[in-house]
Structures are given as C-alpha cells and as structure tokens.
Amino acid sequence: MRSGARAQAAINILSEVEARKRPPADVLKDWGLSHRFAGSGDRAHIGDLVFGALRWKASSAHRMGMDDPRAWVLGALRWGFGVDATSLEQHAYEETHAYAPLTEAERTALAGDNLASATEAVRGDYPAWLDASMARIFGAARAEEGAAMAAPAPIDLRVNRLKAQRPSVLDALLASTQLKPRPDGSPAAFLTPWSPDGIRIPWSQGRSFPWAKEESFVKGGFEVQDEGSQLTALLAGVRPGMQVADVCAGGGGKTLALAALMENKGQLYAYDVDSRRLANSHERIERAGVRNCQVRTPRRDQDVLSDLIGQMDLVFVDAPCSGSGTWRRAPDSKWRLRPAVLDKRQVEQAQALALGAPLVRPGGRLVYVTCSVLPEENEDSVARFLAQEPGFEALNPRQLAGEAGLSAMLPHCHKAGPGLQMTPLATGTDGFFFCVLERRA
Ligand SMILES: C[S@@+](CC[C@H](N)C(=O)[O-])C[C@H]1O[C@@H](n2cnc3c(N)ncnc32)[C@H](O)[C@@H]1O
C-alpha cells in the first residue's frame, strides 16, 4: 500500500470508530483481518495514523477548519508526522484506493498554519473542560505540556535486578534482529536518563517492537515499564528486609519494581480490590524470580489484610485515576474522559488510601501515586486524606530524592502540593504524581 491508500484506510477506520463508538484498537484489528493483503508494515503505519489523528485531533480540526476523520488524518500527516503539503497533494493521485484529491480549502489550510490563534486546550490537544485543571498545575505552560502529552511515547523497559544487569540486556537488545535500526542512524535503544534500571526504545513511525519474543524478556530479564513508574518505586524508599504492602497491585507492574529493590529479602504483599486484575501477576512474579511476594486475593467473607494492620514499613497506593499521565499511550482516552468519571476516581482514591493507611506502622510510610497530572486526583486527594488523618505528615520530596540518589531529577519535576509531578515535557516520562506520607510514631 502507498501513502495515500494508508491514509484513506485510517480515515475509514476512524469513521467507523466515530459512527459506532468503538475502541480504535478493536476497529484496527478487524480492519487487519478483513484486509489480509496489507502487510505488517502497512498495519503499523495505519495504526500510527489512526492514533496520530486522535492525538492531535483538536489542533488538526482547528488548522484544517474541519472536524472530521479526513481533517484529523491530513492534519496528523502534515503537522504530526511532518509530511509537506506538496506530497499530501500528490498522495491523492497515487492509486485508486488513495484519498480524494484535496479541496481548495484543504490546500490552503495545509499550506499555512493558524494554530497560534487557538486556545491553550486546542494547542495542547486536551479537552477544553480540563483547562482550569491544566492551568492549576502547569499555568502558562499548559499548552506546551499538553502537546508533549499528545506526542508518541517510547517503549521503556525496566531491567530486573534479580535476574539481569542493564548493560547486558541493552547489548542483547541492540543485537536483536527484532529491533530494527533507525532510519536516521540514532541508537535503537539506550539507557534512560534517571532510572538506573531503565532502557528506552524510542518511538519510530510505522515500526513495532515485539518485545515479548525477546529471550531476555522470556527469562525474566526485563519488564515493560515507563521510566516514571520505575521512579515512583525508587523514590518510595523501599529497602531489602522491609515489610511492604502494595494495595492497588493490579497486574503487578509496581509490585515487581518494588520486589527487585527488596532483593528477595523481607516480605511483600500484593492486593487489589479487583481479583481479576491480580490474575496476571502470578505468572509475572514467577518469571521475575520474586520469592518474597504473597498475593492476597480479596474474599467476600474475609478481610485478607487484617493481619497486616500496623505492621507495614511501607504501603504503596498506586491509586485508580483518570490515566491522564498516559494519554500519549492511549490518546483516545483523553476525549472519552468525563467530569463524572473524574469525580468517581476521587472517591476511589479516598477508599484506597483508607484501605492502606491502617496497615502502616508508626514511623512507616504511605506512598501515594497516580499516573495523572490533574490536581483533583493528586494534591487534592492527599489534602482530603490529611484533613481526616492528622497522624500522617508529608515528607519533603527533596529528602526522598536525595535518599534515592535522584537529586538531579528533582529540579525537572513540577512541585504539586506536598508531592512531585513528572510529565513528558518535564522529565521525559509519562505523567506521574508521587507523594510520601509518614505515620507519626
Ligand atoms: C493504577 S491501577 C494499578 C496498577 C498497578 N499498580 C501496576 O503498576 O501495574 C489501580 C488499581 O487500583 C485498584 N483499586 C481501585 N480501587 C481500589 C481500592 N479501593 N482498594 C484497592 N485497590 C483498588 C484497581 O482495581 C486497579 O487495579
């Protein structure tokens, strides 16, 4: 398939997403099944175009003067992927399945750029109703922060200290035939700047990396985990020998990062209110060589955490949230977020904190993390908790970063109430909020 036909396929897929309110990943999959002639390269390019169109939907609509799938795809090609206006004109004539020739209005829009006249929400490609929240955390930089949250994300890996070392995993990846060289000659994988365990595979248009087939992954040498997520485990201050509870463990991403830092010494408990979410963690724990983790599955007739009350050195609350910090990985989710959902998440955050807090021993730590940038579910949730639990006090992020050997990262973070805010623009990570509360002795 040539560029014009790939673009038209993306337009068709987005039209189906819009008309039937279906998840784009599902429609893409169906499209692949019913267009068997399309190769893996075609499917990867079309996937990038569909998600690119959703990433930059608001700015493309403004620039093109039209708010429909064709305008989003043309806008993504022109300003997201940097295709020049003349090439876009020519792609329409390449083959019969290409998009229809440009209209005069499209030609004019693609040759210019009126984005400077748009609102912050449009320039930052985030929903207008969230502008006040974005302004609270980012002030005048909110359009720039939003634009970075809309850009494609790299794949970050966390090398599992229990089984491997970072240099050897990096060497194995660079030697892998699955990881294609980059067209510009830059490294296909490199060390992340902050996490001592991180490896980054930069995003590359139309390319996917089947990491699950890598031998070093199969043997437990690495997990896929954004560097920001790795940093929350490092900043928490977990050490070998501690008693630690991860009470929103889900699929186990943070659990495994905490376990690696504990070096199989001490005890780690993984719990989640939703037992289905814990299902994957057993296999991951096994593969990672973790031997000190008990998965506590919730039971209707029993409090499975009651024996841990007042016993934990550290309780990790990776709270349910809007996921706004991961919009760059799931751009469709930002347009689906509604005020009622944001309200509901705050209730769940209070519940998760109320579940974790009693487990903390005097002098122990309650770590609160979200993958969100919205103050309502970050500093506001912490403030509401502290108003009800005066026995806890927030620790200074400077102290935590110093303890974790991450002081150099600190100036790059936004200050968010008593916590830290990482963002794609500030730290090159997903958007994570991090705060540690200590129970007074
Ligand atoms: C952000 S996800 C966790 C991701 C996971 N820690 C990881 O790193 O892969 C939040 C989790 O909190 C769980 N959850 C929601 N409300 C909860 C509550 N009141 N108590 C415990 N877990 C809760 C959800 O089921 C969900 O799995």
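Both ligands and their constituent atoms are indexed starting at 1 by order of listing. Remember, it's a predicted structure, so these values are computed and weren't measured experimentally.
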For residues F51 and W56, establish whether the separation of their ring centroids is below 6.0 Å.
no

Does the distance from a Lys or Arg side-chain N to an Asp or Glu carboxylate O, for R55 and D332, drop under 4.0 Å?
no

Ignoring hydrogens and angles, write down the donor-acceptor pairs under 3.5 Å from the side chains of residues 350-361, residues two or more places apart or on other chains.
unit_1 : atom_1 : unit_2 : atom_2 : d
R361   : NE     : D313   : OD1    : 2.6
R361   : NH2    : D313   : OD1    : 3.2

Looking at residues at least two apart in the chain, or sitting in another chain, which of them share a side-chain hydrogen bond (donor to acceptor under 3.5 Å, both in side chains) with K415?
none

Just to be sure I understand the cut-off, which residues have at least one non-hydrogen atom under 4.0 angstrom from an atom of ligand 1?
V247, C248, A249, G250, G252, G253, K254, D272, V273, D274, R277, D318, A319, P320, Q351, A352, L355

Please say whether more than 12 non-hydrogen atoms of neighbouring residues, nucleotides or ligands are located less than 6.0 Å from CZ in R384.
yes

side-chain contact (heavy atoms from CB on, under 4.5 Å) filter on Q388, not counting sequence neighbours, yields none

